[in-house]
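These notes are about the structure you will find just below.
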Amino acid sequence: MGKEESPQVTRRTTRSSSSTPVANNVVETTKTSEHEPLTINDLVFGEDPISLDDLLSSFPSRRVQILELVHLLGPSNSPMLPLFIYGGASTGKTSIILQTFRHLNRPFVYSSCLTCYSPRILFESILNQLMLHRKNAMNGYSSVKRCEKPADFVNFLREALSNVINNLMGNSGKLNTKRLVSQARGNTVYLIFDNLELVRAWDKSSTILPFLFNLYDVLKMPELGLIFVSNTSPDTYYSSMGYIEPVPVYFPDYTEDDLRQIFMRNQANRKVYSSFLDVVLRPFCRITRRVDELSTAFAPLFAKYCEPLSDLGVVPREEMKRRLFSHLQPHIAPSLNEVFKISSKPSPEAESNKEMKQKGSRRRFAGCEEIDELDFHMSTSAKYLLISAFLASRNPATLDASLFDSMGGFNSRKRKRKPSQKSLEQKETAEQELLMKGPGTFPLERLLAIFQCITSVAEGSVDEEEQENEGLGVQRGDSGLMSDVLLQLSSLCNANFIIKGGSCPLEGSTRYRSTVSEEMVLKVARSLKFPLSKYLYRR
Amino acid sequence: MGREKAAKEALNLLRGRLCDPTFVFKPLSDSPESNYSKLKFIISSSVTEACNNSILLLGPRGSGKIAVLELVLKDLFLEYPDMISVIRLSGLLHSDDNCAFKEIARQLCVEHDLLFSKMASFDDNSQFMIAMLRECGLAHKTVIFVLDEFDLFAQGKQRLLYSLLDAMQSITSQAVVIGVSCRLDADQLLEKRVRSRFSHRKLMFLPPSKEDLQRLLGHILSLPLDSTLPRDYAVEFNAKLQNMLADEKFKQTIYTYMDSDATVNHLLRFLFRAVSYMDLGSGFLALENFKTALPNIQRQPKLECITDCSILELYILVCMKRLEVKEQNSYNFNSVMTEYKSIHDTFQTSDYYARNVCLRAFEHLQQRELISFTDNRGHNQSVEFRPVKLLISSYELQKGLKSYRSCPVILLKLMDREA
């Protein structure tokens, strides 16, 4: 938030910095600037202030909201009732309120309930900023005051605010000619609480939320302004304890025209991009109108769209547009069905491998990856454990004996009977139940038993295959698969592939549940060459 | 002074008034029947007659209980200097007894220039308080305890209330306990032993009548004639204001607004919004300001949420509504997906998207609080299997769909069929 002026002279040189003079200059300056104490002018935004027109033009479709904010914040030194800014995600609330303060050049204290995830951290962060305290090595990275309870917070806040306001009044008296730009204007300090909806999930939310909303009445200081920013509307905060409602400011989601204006900003090749947007904006807006999701989806599509064009600066004419459209068309539908994925850049080795493999298989657009393989790595024992967990969740426990015989192989006795009407109905209700209830739970012993059965089969087949030497470089030892099973289990739980459920009321042991989808388990089984379908109980 | 500068100063003045409750409640306190006079009489009599007293101020939130109390205390400080000291506690902050006694000790120390030790224990603090009460009694000084959010003090063991009221029973102490609460049955929450020591005086703060409201509006919004503002501007402003206040449409707007909540603070919120939009060019308040402020203050969040939804999210909502109508007691994402598929099969819509895209839209709906999971903290299941429910009514959904720009006709048809 507050930026320090870069000091002209380094005050201390350490041995390391004097020995490596070149690259450490930047580190030098930040090190010494850390020792400079913060002043009251660090409570403003810090960069060059902008005019109202700049503010309005940098947020294309938010004119109404920005003007509303400016009116409600009022002229300098004017007291204010608390504001409640709400709107969907990625609608620009935080950036607009911060840039508005940059325009107004008034001192503010910003704290987000996302980074300050408990009341104590929230209170201490606000007090640190107000008391111009910086955590550094000298004070052991501690806050200026230890503050856990709202009562202490109110006392410290009152003290800190009166100090700050006295400072501001003294500041406005003298003009600092050197740094006129970033000097704080006015006598009012504003507290901004961002991501307020997360407070509802805190343990102490029943006391903290009413406390925050009543803070203005408790403090009774006209030089304080409170601003709350939230993703959800004010009616989601009602609780048994009441409060005077803050003044609401609503940020609606962007409409299609707004989105077009936003995406056209900062575009180098405006005409081409405009014709691109004509094609993709409407279908994608039917799914989502969030800027972050749309921009992730549009980026690879635009790259694809521009492929046939040699010169991006050219203004496309009608037949050119049609050609580009037909080039892009087959890729729009798969892209619509993709949740946005930011594809990582694969290493050159893996890319060459992939190219060799893909020569035979179908080629598809990079955005929607046709995965026959898993795109992350799991150890072999973890894969077997995952498969056993899936089988344990899917198959009823009574079938274990018949599906896994003592030798570890599958029981090939298949009963073929003509399906009667009743069994068909039963099948349907069973499917319905599967949809509703989800995968079943299993105790740990059952999981380990299945795991042991499966791996003994696998080790048998591994010995046969070792002669063939696939050359994939994976080690297969004799007893390597049984080790550290419990460790693997806990890592699978942490990755949310297996959920640890409640304990069975009769036995008292914990039960687990597998949450992976069938397609993923199929991929895992394919990578191990494991015949999954033979073990799966089809109702 | 230029017109714009005068307008700005007038705006600052009005905003300052609206944020200051003590200014607002002054005209309501003028009559001898008002709560202000009664409260003043009670406290001043206990000060002059050196006796103990307790009283409860009750009324809906925002009716000005603390504001009137502050006015009374301000006047009493002028009338009886050095004979009163005030200790302020709040149920939000100090409902824990340890906290409360520490705060009492701290405020007493600040008042009497004593050193306050943060390490003092609970017993130390309570002994200190009793001793101070005795000393103040001997010195004929009344200690006034203001307990805001009184009903929160009545939770738990009520140790603080008991010790306060008990300390007041002795002859040497001179204390007045004033409880302020929004719960009209706050005295029923007291334990038997506490209630017996409590004198059952209650002052009710009722919302203002229509005449009082008019008077209040005139008092708040009229500019003073003898301030730094140019006199002719202030006179013209006040004249225009009186015209507007007498206008029927204006009265209608105000009464419509006060229908939902008749307390004064609610009105102040509305006035703040209207005054902030005062046109600085002309420098006068217009009826337009009030008319545009009304829909901005009274919002309909669920309808706004629906206008924010994308078309896929609307489909999911309508599917859930249909499942509810089919009287499925509990349904989850998978059943919503089967319904979605059946709608697509029946009507051949163009909006059929893959499962993961629908799951993402489902999560957006959950973030907007239009749907929620019915099992609280049941993270035993993955998202697709947890039972969900709709958080909007079918009327709201229908109204939202009708006001949605370019809503697919199929959705409207489906919703109409349900109705």
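Keep in mind that what you see is a predicted model, and the values were worked out from it rather than measured.
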Could you check which of A:T236, A:D152, A:L72 has the highest count of heavy-atom pairs closer than 4.5 Å to chain B?
-> A:L72
Is any side-chain heavy atom of B:P408 less than 4.5 Å from a side-chain heavy atom of A:R286?
-> yes
Could you tell me whether the side chain of A:R289 and the main chain of B:C309 form a donor-acceptor pair under 3.5 Å?
-> yes
B:H364, part contacting chain A, at a heavy-atom distance under 4.5 Å | side chain
Is A:M241 close to B:R61 at the side-chain level, that is, under 4.5 Å between some pair of heavy atoms?
-> yes
Can you list the steps and then say if A:E293 with B:R360 is a salt bridge (charged side-chain N to carboxylate O under 4.0 Å, His left out)?
-> CA-CA 11 Å; A:E293 297 179 352; B:R360 180 180 63 175; 3.6 Å; yes
Choice from B:D351, B:D148, B:D96 maximising heavy atom contacts with chain A below 4.5 Å | B:D351
Going by heavy atoms in the side chains, are A:N155 and B:E103 under 4.5 Å from each other?
-> yes
Contact class of A:P222 relative to chain B, heavy atoms under 4.5 angstrom = neither
Against chain B, label A:D217 side chain, backbone, both or neither, depending on which of its atoms sit under 4.5 Å from a heavy atom there.
-> neither
Side chain, backbone, both or neither: which part of A:Y250 has an atom under 4.5 Å from a heavy atom of chain B?
-> both
Select, from A:P283, A:P439, A:P234, A:G87, the one with the greatest count of heavy-atom pairs under 4.5 Å involving chain B.
-> A:P439
Determine the option with the most heavy-atom pairs under 4.5 angstrom with chain A, choosing from B:E369, B:H94, B:R15.
-> B:R15
For the pair B:R299 (side chain) and A:P248 (backbone), establish whether a donor and an acceptor sit closer than 3.5 Å, ignoring hydrogens and angles.
-> no
Is it the side chain or the backbone of B:R405 that comes within 4.5 Å of chain A heavy atoms, both, or neither?
-> side chain
With a 4.5 angstrom heavy-atom cut-off, could you sort out which part of A:R513 is near chain B: side chain, backbone, both or neither?
-> side chain
Counting only heavy atoms closer than 4.5 Å, note whether B:Q367 contacts chain A via side chain, backbone, both or neither.
-> both
Between A:S76 and chain B, which part of the residue has a heavy atom less than 4.5 Å away: side chain, backbone, both or neither?
-> backbone
For A:T232, is it the side chain, the backbone, both, or neither that has a heavy atom closer than 4.5 Å to a heavy atom of chain B?
-> side chain
Contact part of B:I66 toward chain A, heavy-atom cut-off under 4.5 Å: side chain, backbone, both or neither?
-> side chain
Could you check which of B:D151, B:D20, B:L93 has the highest count of heavy-atom pairs closer than 4.5 Å to chain A?
-> B:L93
Would you mind checking which part of A:E197 comes under 4.5 Å of any heavy atom in chain B, side chain (CB onward), backbone (N, CA, C, O), both or neither?
-> neither
Is any side-chain heavy atom of A:P75 closer than 4.5 Å to a side-chain heavy atom of B:N12?
-> yes
Quick one: what part of A:F153 sits under 4.5 Å from any heavy atom of chain B, side chain, backbone, both or neither?
-> neither
Answer with side chain, backbone, both or neither: which region of B:N265 has an atom nearer than 4.5 Å to a non-hydrogen atom of chain A?
-> side chain
Are any non-hydrogen side-chain atoms of B:R273 and A:E68 less than 4.5 angstrom apart?
-> yes
Go through the atoms of B:C182 and report whether side chain, backbone, both or neither lie under 4.5 Å from a heavy atom of chain A.
-> neither
Sort B:L152 into side chain, backbone, both or neither according to what part of it lies under 4.5 angstrom from a heavy atom of chain A.
-> side chain
Chain A contact via B:S406 - side chain, backbone, both or neither, heavy atoms under 4.5 Å = neither
Any side-chain heavy atom of B:E304 within less than 4.5 Å of one from A:S233?
-> no
Who wins among B:M337, B:K8, B:R106 for the most heavy-atom pairs under 4.5 Å with chain A?
-> B:R106
